[in-house]
Amino acid sequence: MSYRVPRGTFDILPEEVKIWHWVEKQAQEICRRYQYQEIRTPMFEHTELFVRGVGDTTDIVEKEMYTFNDRGNRSLTLRPEGTAGVVRAFVEHKMYAGPLPTKLYYFGPMFRYERPQAGRYRQFHQFGIETFGSQDPAIDAEVIALGMQFLESLGLKGVKVEINTVATPEIRARYFDKLIEYFTPFKEELAKDAQNRLYRNPMRILDSKDPRTKEIAAGAPSILDFLDEECAGYFEKVKEYLDLLEIPYVVNDRLVRGLDYYTHTAFEFVADLSGAQASTVGGGGRYNGLVQEIGGPEMPGVGFGLGIDRIILALKEQKVDIPVQDQLDCYVVTIGDKAKLYSVKLLKTLREAGFVCERDYLDRKVKGQMKAADREKARFVAILGEEELEQGNINMKCLETGEQEQISLDAIVDYLSNKIQP
RNA sequence: GCGACCAUGGCGAAGUGGUUAACGCACCGGAUUGUGGCUCCGGCAUUCGUGGGUUCGAUUCCCACUGGUCGCCCCA
């Protein structure tokens with residue numbers, strides 16, 4: 001075998017696609033109910049958009065982007081996340097001039113250059129929503145509620161919301177100072193990457209997995225102690241709404257998101273999964289400065305991104321039954337050349353009438369055709385031989401009961417309608 | 001970028017330094033000529049990831065490479 005998919009990518013084969021269709025359908029339906037409208041943006045954007053939007057100290061920008069120059073020598077990047085592109089479109093098309101809040105959702109592939117492992121790929125898929133224009137904590141809660149309802153609609157069990165506030169840039173700056181102050185005496189004991197982060201983004205040290213760093217971080221000050229009245233009040237309100245919505249959440253003051261644009265609310269959806277990495281199935285938060293950063297007006301926003309690949313992984317691990325409809329109404333079996341010829345027309349008639357039907361294209365004998373019909377789970381087999389054809393009749397056999405009756409060829413649509421429509 | 005493990009037919013999976021590389025599933029064909037699901041029979045690897053080496057001889061031993069899986073970092 002000479003060609004393979006590029007590392008970190010995978011084909012979604014027909015059987016799998018059924019699951020994806022179903023998941024997408026749930027997303028669409030939930031969004032419809034919450035009045036979020038789909039937006040489709042390009043899979044690549046100017047590199048600068050992500051550098052500005054996502055943040056140049058983030059891992060995404062520092063080491064994970066698929067960046068290339070096109071023939072016009074423009075630097076482009078395969079989108080590593082969905083928000084930046086949506087915000088760009090929102091600004092570019094001056095959607096802020098329309099009715100607010102603007103509520104959008106997207107579904108599609110994202111790209112990050114990383115070593116693949118369980119639940120992590122170089123091309124992965126996200127379903128995300130973004131809403132612009134509202135500072136009401138109720139909409140933060142709605143965003144979280146939509147995500148939860150989506151996950152529940154899939155039948156995913158044991159999903160928890162972890163929530164935190166990352167306050168405002170000003171408060172965070174003060175908090176950073178305190179963190180640096182706290183961590184500096186331990187500097188030599190911290191994990192190497194934690195040391196590197198100390199002055200650039202000390203909050204990232206908080207969720208380190210290095211044992212010693214963890215111990216040290218356990219004693220670090222909490223951002224919750226630095227909140228001003230407004231931030232604390234906002235956070236309280238969001239939690240109140242979540243209580244009202246009966247959404248199970250835990251406050252995790254160590255929760256740090258990997259993107260720079262968040263303000264106030266930050267949250268993650270965590271599934272009950274064995275693979276440690278992949279248990280975070282999505283995350284999001286509020287990003288009040290982002291629209292302006294991208295060149296738009298001052299405009300608050302909230303959203304989330306959910307990892308569909310991980311969700312499907314979780315569905316499989318939990319052995320969730322996926323409702324798949326792939327029934328075959330009628331398989332047309334023919335005997336002889338004339339019948340075979342006629343079957344082409346018959347298939348067309350049946351399909352126009354709305355039935356799902358199939359026939360043999362491999363010159364199989366009757367037995368082979370019957371086997372195929374059975375394998376493809378046909379409900380009925382229409383058996384057409386030379387004699388029947390001459391008399392204008394056809395045999396209809398129900399595979400489930402084994403019963404067979406001869407009817408007039410002209411009556412086949414009515415016959416199937418009666419038997420199948422339920 | 002670092003580490004661990006793995007690499008046999010479409011899939012799953014045994015196996016041995018030496019004439020024909022088990023088995024299961026799937027697929028194809030057959031079991032009196034125009035009828036499925038069960039059963040039975042038959043077919044289905046002439047590079048056992050690639051390239052080197054050790055050896056009289058390697059799929060089985062060694063090395064490199066590639067790929068996969070999982071973990072670290074980080075994230076969805």
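Below, chains carry the letters A, B, ... as their sequence lines are ordered, and counting in each starts from 1. These numbers come from the heavy atoms of this one structure, side chains and all, not from hydrogens, waters or symmetry mates.
Under the Watson-Crick or G-U wobble criterion, with both distances below 3.5 Å, G42(B) is paired with C28(B). For C65(B), the paired nucleotide is G49(B), the pair qualifying as Watson-Crick or G-U wobble because both relevant distances are below 3.5 Å. Judged by Watson-Crick or G-U wobble contacts below 3.5 Å, the nucleotide G3(B) has C70(B) as its partner. Applying the Watson-Crick and G-U wobble criteria (two distances, each under 3.5 Å), A21(B) pairs with nothing in any strand. Searching all strands for a Watson-Crick or G-U wobble partner of C75(B) with both distances below 3.5 Å returns nothing.
Taking 3.5 Å as the limit, the base of U35(B) and the side chain of Q369(A) contain no donor-acceptor pair of atoms between them. One donor-acceptor pair, N or O on each side, does fall under 3.5 Å between the base of G36(B) and the side chain of K397(A).
An OP1 or OP2 oxygen of C28(B) is reached within less than 4.0 angstrom by a side-chain nitrogen or oxygen of R364(A).
One atom, CD of Q117(A), and another, C1' of U69(B), lie 10 Å apart when rounded to the nearest Å. Atom pair K365(A):NZ and U35(B):P shows a separation of 11 Å (rounding to whole Å applied). Per the geometry, CD belonging to E15(A) stands 15 Å off P belonging to A26(B), to the nearest Å. Whole-Å rounding puts the E81(A) CD to A76(B) C1' distance at 11 Å. Separating the OH atom of Y113(A) from the C1' atom of C73(B) is a distance of 15 Å, rounded to the nearest angstrom. Nucleotide U35(B) holds its P atom 15 Å from the CG atom of D374(A), rounded to whole Å. Across the protein-nucleic acid pair, K371(A) atom NZ and A26(B) atom C1' stand 13 Å apart, rounded to whole Å. If you take CD of E64(A) and P of A76(B), they are 9 Å apart, rounded to a whole angstrom.
For the C1' atoms, the distance from A76(B) to A58(B) is 46 Å, rounded to whole Å. Between G37(B) and U20(B), the distance separating the two C1' atoms is 36 Å to the nearest Å. A gap of 24 Å separates the C1' atoms of U50(B) and A14(B), to the nearest Å. For G24(B) and C38(B), the P atoms lie 16 Å apart once the distance is rounded to whole Å. U54(B) sits 35 Å from C44(B) when the C1' atoms are compared, rounded to a whole Å. Between the C1' atoms of G53(B) and U60(B), the separation comes to 16 Å (whole Å). Rounded to whole Å, the separation between the C1' atoms of G10(B) and C28(B) comes to 13 Å. Remark: the separation of the P atoms in C6(B) and C63(B) is 12 Å, to the nearest Å.
Residue L362(A) is the one, among L362(A) and I335(A), whose nearest nucleotide of RNA chain B lies closer to the 5' end (criterion: closest heavy atom). Between E114(A) and G385(A), it is G385(A) whose nearest contact on RNA chain B lies nearer the 5' terminus.
The pair K316(A)-E16(A) meets the salt-bridge criterion, with a side-chain N (NZ, NE, NH1 or NH2) lying under 4.0 Å from an Asp/Glu carboxylate O. Between E352(A) and K348(A) there is a salt bridge, since at least one side-chain N of the basic residue sits less than 4.0 Å from a carboxylate O of the acidic one. With salt bridges taken as basic N to acidic carboxylate O contacts below 4.0 Å, one links E358(A) and R351(A).
Counting any heavy atom pair closer than 4.0 Å across all strands shown, G368(A) reaches no nucleic acid atom. Across all strands shown, L399(A) has heavy atoms under 4.0 Å from base atoms, whether or not it also approaches the sugar-phosphate. Counting non-hydrogen atoms under 4.0 angstrom, R375(A) reaches the backbone sugars and phosphates but no base. Within 4.0 Å (heavy atoms only), D309(A) reaches no atom of the nucleic acid at all. Nucleic acid contact for E62(A): none, since no nucleic acid atom lies under 4.0 Å from a heavy atom of the residue. Base engagement by Y121(A) is indicated by at least one non-hydrogen atom pair under 4.0 Å involving a base atom.
Side-chain atoms of R7(A) lie closest to G68(B) of the nucleotides G68(B), G36(B), C75(B). For R115(A), whose side chain is taken as the heavy atoms from C-beta onward, the closest listed nucleotide among G71(B), C75(B), G67(B) is G71(B). Of the candidate nucleotides G36(B), C73(B), G71(B), C73(B) has the atom lying nearest to any side-chain atom of R120(A). If you check U35(B), A76(B), C28(B) against the side chain of V366(A), the one that comes closest is U35(B). Among the nucleotides U35(B), G71(B), A76(B), the one closest to the side chain of R310(A) is A76(B).
Between F107(A) and W20(A), the ring planes lie perpendicular to each other; the angle is over 60°, past the 30° to 60° tilted range. F269(A) and F267(A) have perpendicular rings, their planes meeting at more than 60° on a 0 to 90° scale where under 30° would count as parallel.
Across V159(A) and P248(A), no two heavy atoms sit closer than the pair O-CG, 4.3 Å.
At a threshold of 4.5 Å between non-hydrogen side-chain atoms, the residues F150(A) and V23(A) count as touching. At a threshold of 4.5 Å between non-hydrogen side-chain atoms, the residues M95(A) and F132(A) do not count as touching.
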